[in-house]
Number of protein chains: 2
Amino acid sequence: MVEAELGERSRQVLEAVIVDYTLTAEPVGSRAVSRKYHPDLSPATIRNAMADLEELGYLSQPHPSAGRVPTDKAYRFYVDRMKAQPLSRTEATRLNRQVGGARSELDELMEHASLQLSSLSRYTGVVLAPPLSHTRLERVDLLPVGGERALAVVVTETGWVTSRTITLGEPLRQLELREIARLITEGFGGLTFQEIQGRLDDPGPPPEERLGRLALTLAEKVFALLRDRNLYIGGAINILDQPEFADLDTMRMLLKAFEEKRRLIELFSSRAEAEGVRVVIGSENPYEEMHETSVVTAVYKYGNHILGSLGVVGPRRMRYAKVVALVDYTAKLVSRRLDRLARAEPSA
Amino acid sequence: MVEAELGERSRQVLEAVIVDYTLTAEPVGSRAVSRKYHPDLSPATIRNAMADLEELGYLSQPHPSAGRVPTDKAYRFYVDRMKAQPLSRTEATRLNRQVGGARSELDELMEHASLQLSSLSRYTGVVLAPPLSHTRLERVDLLPVGGERALAVVVTETGWVTSRTITLGEPLRQLELREIARLITEGFGGLTFQEIQGRLDDPGPPPEERLGRLALTLAEKVFALLRDRNLYIGGAINILDQPEFADLDTMRMLLKAFEEKRRLIELFSSRAEAEGVRVVIGSENPYEEMHETSVVTAVYKYGNHILGSLGVVGPRRMRYAKVVALVDYTAKLVSRRLDRLARAEPSA
DNA sequence: CATGAGCACTTCCCGTGGTGGAGTGCGAAC
DNA sequence: GTTCGCACTCCACCACGGGAAGTGCTCATG
């Protein structure tokens with residue numbers, strides 16, 4: 001359908017405009033296209049093609065006598081038919097070393113990944129940490145740590161460990177704590193955190209014994225702490241080097257978007273079921289503050305479960321071919337890394 | 001000495017210039033001072049005083065025929081003799097509710113404090129989490145969490161709990177882990193983390209038995225994870241509303257400074273021994289990128305120990321009287337809050 | 001001798017108008 | 001269908017100039 005809409009000539013011109021604009025960030029005129037990309041075609045021919053492209057909504061003019069600028073539709077067309085441009089050897093080794101390195105723990109892995117995404121793309125890297133909603137609880141431990149507080153340790157079936165201190169409502173002995181932890185583990189073990197949340201929201205009749213009731217309130221506390229996902233943003237200022245964000249208001253808007261992590265988290269978690277790399281261009285983004293940006297994301301997995309997503313936020317005139325390859329590679333690297341982290345079973 | 005340097009007249013004029021400049025961010029002329037602050041004095045008289053003040057280094061002119069702008073020396077003079085301007089009732093109650101509230105855990109407390117510092121000052125709020133260097137270890141626990149990993153739980157004498165997962169070099173049984181934790185606790189309990197680091201750096205002859213050697217390497221891993229302090233930055237973009245940061249390069253420099261947390265941490269931890277509120281004005285700051293900003297900090301404590309510091313980063317023409325009061329109050333609030341959090345002993 | 005008034009001077013700010021360049025659209029020619 | 005040439009438009013840049021703000025200096029005055 002799109003193929004029918006555009007002739008070969010128009011397609012080539014469109015591509016040239018996109019490539020040039022990606023490089024220069026300046027509106028590109030017919031003359032420049034002729035000189036730099038198609039010396040065999042005269043500027044006048046290009047002009048005709050460009051006029052067609054504008055009518056079809058692929059190009060637009062900032063003002064009547066300026067060059068043309070690609071629209072979101074143009075980028076979409078380009079992205080859908082381009083080939084990813086594989087990472088260079090040095091880039092790949094650097095990623096492998098920094099992200100695939102063996103020593104780091106989970107949070108360091110996420111942080112390094114976001115930093116590398118940023119510095120290799122020269123835009124901003126984002127990593128959304130695994131949500132717990134779809135993973136299953138293995139067990140809960142409660143350790144007394146003095147006073148009316150305890151350390152709650154939550155272990156999932158996939159082997160992730162989260163711990164937080166919680167404040168008990170009343171002083172409890174170690175034995176009581178252990179019993180409560182056992183009750184919680186028995187009551188909720190094997191369920192996904194989503195299911196657990198459902199049960200907690202609609203608890204039915206309260207248990208008879210005191211410890212049972214305590215277990216419920218403490219479980220509430222423990223799982224409440226796990227609800228928020230972490231979002232790692234690396235190199236937020238990197239993106240500010242792009243000329244389209246040189247304007248003060250645009251800049252402020254973008255930074256505000258970065259600071260409001262909650263909405264970014266939504267953005268990165270929504271539609272994160274599909275495999276492969278996803279590209280959201282400009283106004284395709286539901287988040288209005290990000291209409292000037294494009295977002296490239298991919299999911300990372302543990303075994304067959306999608307755990308989270310990561311990606312790059314950049315200007316609409318992003319070097320898509322490169323970034324898509326980078327994001328894809330990084331996602332796979334993180335998945336492999338997670339596998340190794342979790343599967344490391346006793347070798348004996 | 002300073003008193004001798006400045007006559008009463010000059011002092012009043014200087015104060016007027018500072019006040020007006022903090023409000024308007026525009027160079028202030030003799031006419032404006034006369035009209036707004038000292039109608040009894042003619043502009044000419046003010047001019048004379050201003051000329052004196054310029055010679056003494058308290059004022060400067062952006063260009064020969066503009067008004068005057070206070071120098072760092074002027075702010076210093078002002079800050080040293082001003083009185084803090086107490087918080088309004090609504091501000092105080094808001095702080096109490098948001099920061100003093102009873103439910104939050106340690107990290108939430110820090111985060112809320114930084115956000116409130118920011119939104120009440122309209123600048124940027126910063127909270128440096130407690131360092132461990134001077135607190136003493138109470139005990140270490142190691143929990144097996146599947147595979148070759150364990151959850152290390154570190155409890156300090158002050159009752160703080162930190163936990164991190166670590167990767168064991170080899171598979172270990174639960175009993176072995178427990179024994180190793182016991183060895184670490186016995187070997188290092190009661191020592192400050194600084195002392196522990198010293199021992200680890202210079203370990204002497206390695207122990208005979210296998211578990212002893214393992215305890216050493218694992219202790220190394222555990223304590224390495226505790227070395228970095230967390231820095232909470234709230235409302236970094238708030239400060240960008242200030243006109244002096246409207247320039248693109250200044251803005252970028254500032255954001256870069258915020259992103260490089262390591263140096264900020266240094267800044268906030270250095271000279272953080274003294275009680276009370278400390279004000280660092282413009283070029284007094286050792287960190288060159290922050291010569292355009294002023295920093296107001298205060299330490300918060302647990303009992304008699306200084307745990308960390310918090311404060312506000314703003315433009316040099318900060319509303320010092322207000323911010324000093326805000327920072328002071330917040331620091332005390334956090335201290336009180338920590339006390340309650342940790343001391344909550346079993347009431348029976 | 002400190003204060004205040006007047007005045008000439010400097011500097012910046014901002015709006016104006018002119019100019020050159022880049023790019024388009026269109027009609028005519030190949 | 002392609003190319004050429006030309007007239008037109010719009011922006012970006014610069015130079016110019018008036019106006020405002022502010023100073024320093026001088027001199028009169030209590």
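Worth knowing before you read on, the calculation uses all heavy atoms, side chains too, and leaves out hydrogens, waters and symmetry mates.
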Inset, instruction - Indicate whether the side chain of A:R319 and that of A:Y123 have a donor and an acceptor atom separated by less than 3.5 Å. - result: yes
Legend entry - Any A:R9 side-chain nitrogen or oxygen under 4.0 Å from OP1 or OP2 of D:dT2: yes
Inset, instruction - May I ask you to say what A:A66 touches in the nucleic acid, namely base, sugar-phosphate or nothing, with a heavy-atom cut-off under 4.0 Å? - result: sugar-phosphate
Legend entry - Residues B:S119 and B:R94: side-chain donor-acceptor under 3.5 angstrom: yes
Inset, instruction - Starting from C1' on D:dC8, measure out to CD on A:Q61 and report it in whole angstrom. - result: 14 Å
Inset, instruction - Could you tell me whether B:E289 and B:K256 make a salt bridge, using a distance below 4.0 angstrom between a side-chain N and a carboxylate O? - result: no
Inset, instruction - Using chain B heavy atoms and a threshold of under 4.0 Å, write down where along DNA chain C the contacts begin and end, 5' to 3'. - result: C:dT3 to C:dC12
Inset, instruction - Could you say whether A:R31 or B:H63 is positioned toward the 5' end of DNA chain C, judged by the nucleotide with the nearest heavy atom to each? - result: B:H63
Inset, instruction - For the pair B:R76 and B:D72, find out whether any cationic side-chain nitrogen is under 4.0 Å from an anionic carboxylate oxygen. - result: no
Legend entry - Residue met sooner reading DNA chain D from 5', once B:P27 and A:T45 are mapped to nucleotides: A:T45
Inset, instruction - Under 4.0 Å between any heavy atoms, over every strand shown, what does B:N48 touch: base, sugar-phosphate, or nothing? Just pick one. - result: nothing
Inset, instruction - Record whether the side chain of B:R35 comes under 3.5 Å of the base of D:dG22 through a donor-acceptor pair of N or O atoms. - result: no
Legend entry - B:L59 CG to D:dG22 C1', straight-line distance once rounded to whole Å: 14 Å
Inset, instruction - Dump the intermediate steps for salt bridge (Lys or Arg N to Asp or Glu O under 4.0 Å) on B:E244 and B:R317, then the final yes or no. - result: CA-CA 9 Å; B:E244 39 264 88; B:R317 51 170 201 96; 2.8 Å; yes
Legend entry - Residue closer to the 5' end of DNA chain C, B:L41 versus B:P64 (nearest nucleotide): B:L41
Legend entry - Euclidean distance, atom CG of residue B:D52 to atom P of D:dC25 [Å, nearest integer]: 12 Å
Inset, instruction - Report yes or no: do B:D52 and B:S10 form a side-chain donor-acceptor pair below 3.5 Å? - result: no
Legend entry - Integer-rounded Å distance: D:dC8 P and A:R47 CZ: 16 Å
Inset, instruction - Would you confirm whether B:T293, through its side chain, and B:P315, through its main-chain N or O, come within 3.5 Å as a donor-acceptor pair? - result: no
Inset, instruction - Nearest whole angstrom, please: distance from the P of D:dC10 to the CZ of A:R68. - result: 15 Å
